[in-house]
Amino acid sequence: MNPDRLQRRILDWYRASARDLPWRRPPGSSAPVDPYRIWLSEVMLQQTTVAHATPYFHAFLGRWPTVTALADAEDSEVMAAWAGLGYYARARNLLACARAVRDRFQGRFPETEAGLLGLPGVGPYTAAAVAAIAFGEPANVVDGNVERVISRLYAVQAPLPAARPQLRELAAGLVVAEAPADWAQALMDLGATVCRPRSPACGQCPAAGDCAAEASGDPGAWPRKAPRGARPARTGVAFVLRQAGRIAVVQRPPRGLLGGMLGLPSTDWTEAGPDPAAITDAAPAALAWRDAGAVEHVFTHFSLTLTVLSAEGGAPGLEWLPETSAGDLPSVFLKAVRRAQGMSGAE
DNA sequence: GACCCGTGGCT
DNA sequence: TAGCCAAGGGT
């Protein structure tokens, strides 16, 4: 069962050129790996860059060194620690998963792809990645990098996302059962550093000469993609109420946009924008609100212009967050707080 | 399959 | 600058 020439070249390239990442053991190493670290890093890296996730990985590992420690944490602590990383459903599922491992599996992760797939927040990609990297199972690990690499190798003409089953099938035919962890990470590193979305570096690629997209002369034209729709613009008004070095905050509903996070009191965010009555209704108190300007923020499926109104004073029925803990808020609200602080001259 | 769900960097 | 992009999952 020797890997054929293409696989050999890619594995050799990986062993010479692997990225050195905090959750990774060196290629070819047989040192034991901690499944908790692999899982934690994989969840953080979902749709998130290595540069952005890395400080959070260190912070979480330092504060909660084991999956059981994480399972025992308070929800609010974990959500606050995740603030700024985005896709907050991941944080809720991270906790649910840690508790499932603690309560259903005696604190040990299931060691098979199928078992992992039953955990909250663990989908096809993450289950395969943890199975391959932490447990050496020859799983078919397909992320966006792998889709791009495979689509180019075979010059797959069908556009994403419809091409996904075909790409998975082609990827499955290449899995190196003797080195599942290295193979999975080799394809992802190749996609991240050589077979890049734009201006792929075919001159450095171990698959050069075996790649149909390279042969076409325009490898950057893969993967084909269905056109995406326009991003609508929404507007809203948020309130920064300050008193004694603290900011009035509200607990957001457990699901939906920024679900489970702390937020600022705010109107709804709509394309039409709030009318004056809606602004009055959303204000935490009838105070002399000052217009601090607006902040812009882009979400996945809409862009937001958020007008910031600020005031000093108290109001009933609110939680209060020290201004020094404003980093516990999602970025859109942190921007609003910063703007209000800038207007007041306190910062 | 379609839609929802963050953020920041890069071109 | 406006769009694209990143180790996806849930519903």
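Nothing here was measured: the structure is a model prediction, and the numbers come from that model. Order of the sequence lines fixes the chain letters, A, B, ..., with proteins taken first and strands second; residue numbering starts at 1 for each chain.
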Determine which pairs satisfy ring pair (Phe, Tyr, Trp, His ring centres under 6.0 Å) with at least one residue from [range], sequence neighbours left out, and list them in order.
| range | result |
| --- | --- |
| residues 216-256 of chain A | A/F239-A/W289 |
| residues 192-221 of chain A | none |
| residues 109-162 of chain A | A/W39-A/F109 |

How many Å lie between [atom1] on [X] and [atom2] on [N], as a whole number?
| X | N | atom1 | atom2 | answer |
| --- | --- | --- | --- | --- |
| A/R228 | B/dA2 | CZ | P | 14 Å |
| A/D328 | B/dG6 | CG | P | 17 Å |
| A/Q47 | B/dC4 | CD | P | 16 Å |
| A/Y56 | B/dG6 | OH | C1' | 10 Å |
| A/L160 | B/dA2 | CG | C1' | 15 Å |
| A/R198 | B/dG9 | CZ | P | 15 Å |

Axial cation check for A/W269 ring with A/R252, 6.0 Å and 45° limits: yes
Does A/R231 make a cation-pi contact with A/F302 (under 6.0 Å, within 45 degrees of the axis)? no
When A/L119 and A/Q185 are each assigned the nearest nucleotide of DNA chain C, the 5'-most assignment goes to A/Q185
Proximity to DNA chain B (any heavy atom under 4.0 Å), residues of [range] only:
| range | answer |
| --- | --- |
| residues 129-150 of chain A | none |
| residues 294-304 of chain A | A/H297, A/V298, A/F299, A/T300, A/H301 |
| residues 59-88 of chain A | A/G84, A/L85, A/G86, A/Y87, A/Y88 |

Any base atoms under 4.0 Å from [X], or only sugar-phosphate, or nothing? Heavy atoms, all strands.
| X | answer |
| --- | --- |
| A/L334 | nothing |
| A/R24 | base |
| A/A53 | nothing |
| A/T126 | sugar-phosphate |

Is there a residue in residues 250-271 of chain A whose heavy atoms reach under 4.0 Å of DNA chain C, and which residues are they? none
So does A/R63 have more than 12 non-hydrogen atoms from other groups sitting under 6.0 Å from CZ? yes
Could you list the donor-acceptor pairs under 3.5 angstrom formed between side-chain atoms of residues 198-213 of chain A and any protein atom two or more places apart in sequence or on another chain?
| from | atom 1 | to | atom 2 | distance (Å) |
| --- | --- | --- | --- | --- |
| A/D210 | OD1 | A/R5 | NH2 | 2.7 |
| A/D210 | OD2 | A/R9 | NH1 | 3.3 |

Strictly below 4.0 Å: does A/S331 bring a side-chain N or O up to OP1 or OP2 of B/dT7? yes
Apart from A/L334 itself, residues in the same hydrophobic cluster as defined by side-chain heavy atoms under 4.5 Å: none
Hydrophobic clusters join Ile, Leu, Val, Met, Phe, Trp and Tyr when side-chain heavy atoms are under 4.5 Å apart, directly or via other members; which others share one with A/V33? none
Provide the start and end nucleotides, 5' to 3', of the part of DNA chain C that has atoms under 4.0 Å from heavy atoms of chain A. C/dC4 to C/dG10
Could you walk me through whether A/W82 and A/M44 satisfy the side-chain contact (heavy atoms from CB on, under 4.5 Å) test, starting with their C-alpha distance in whole Å, then the side-chain angles of each, then the deciding distance to 0.1 Å, before giving a yes or no? CA-CA 9 Å; A/W82 196 275; A/M44 287 184 167; 3.8 Å; yes
Are A/R24 and A/D189 ion-paired here, with the side-chain N under 4.0 Å from a carboxylate O? yes
Is the shortest side-chain N to carboxylate O distance from A/D12 to A/R8 below 4.0 Å? yes
Donor-acceptor pairs are to be reported for all side-chain atoms of residues 156-164 of chain A against protein atoms at under 3.5 Å, with residues two or more places apart or in another chain.
| from | atom 1 | to | atom 2 | distance (Å) |
| --- | --- | --- | --- | --- |
| A/Q157 | OE1 | A/R224 | NE | 3.1 |
| A/Q157 | OE1 | A/R224 | NH2 | 3.1 |
| A/R164 | NE | A/E147 | OE2 | 2.8 |

Less than 3.5 Å between a donor and an acceptor, one on the side chain of A/T49 and one on the base of B/dG8, is that the case here? no
A/R90-A/N93 side chain donor-acceptor pair, cut-off 3.5 Å: no
Can you confirm if the aromatic rings of A/F299 and A/H297 lie within a centre distance of less than 6.0 Å? yes
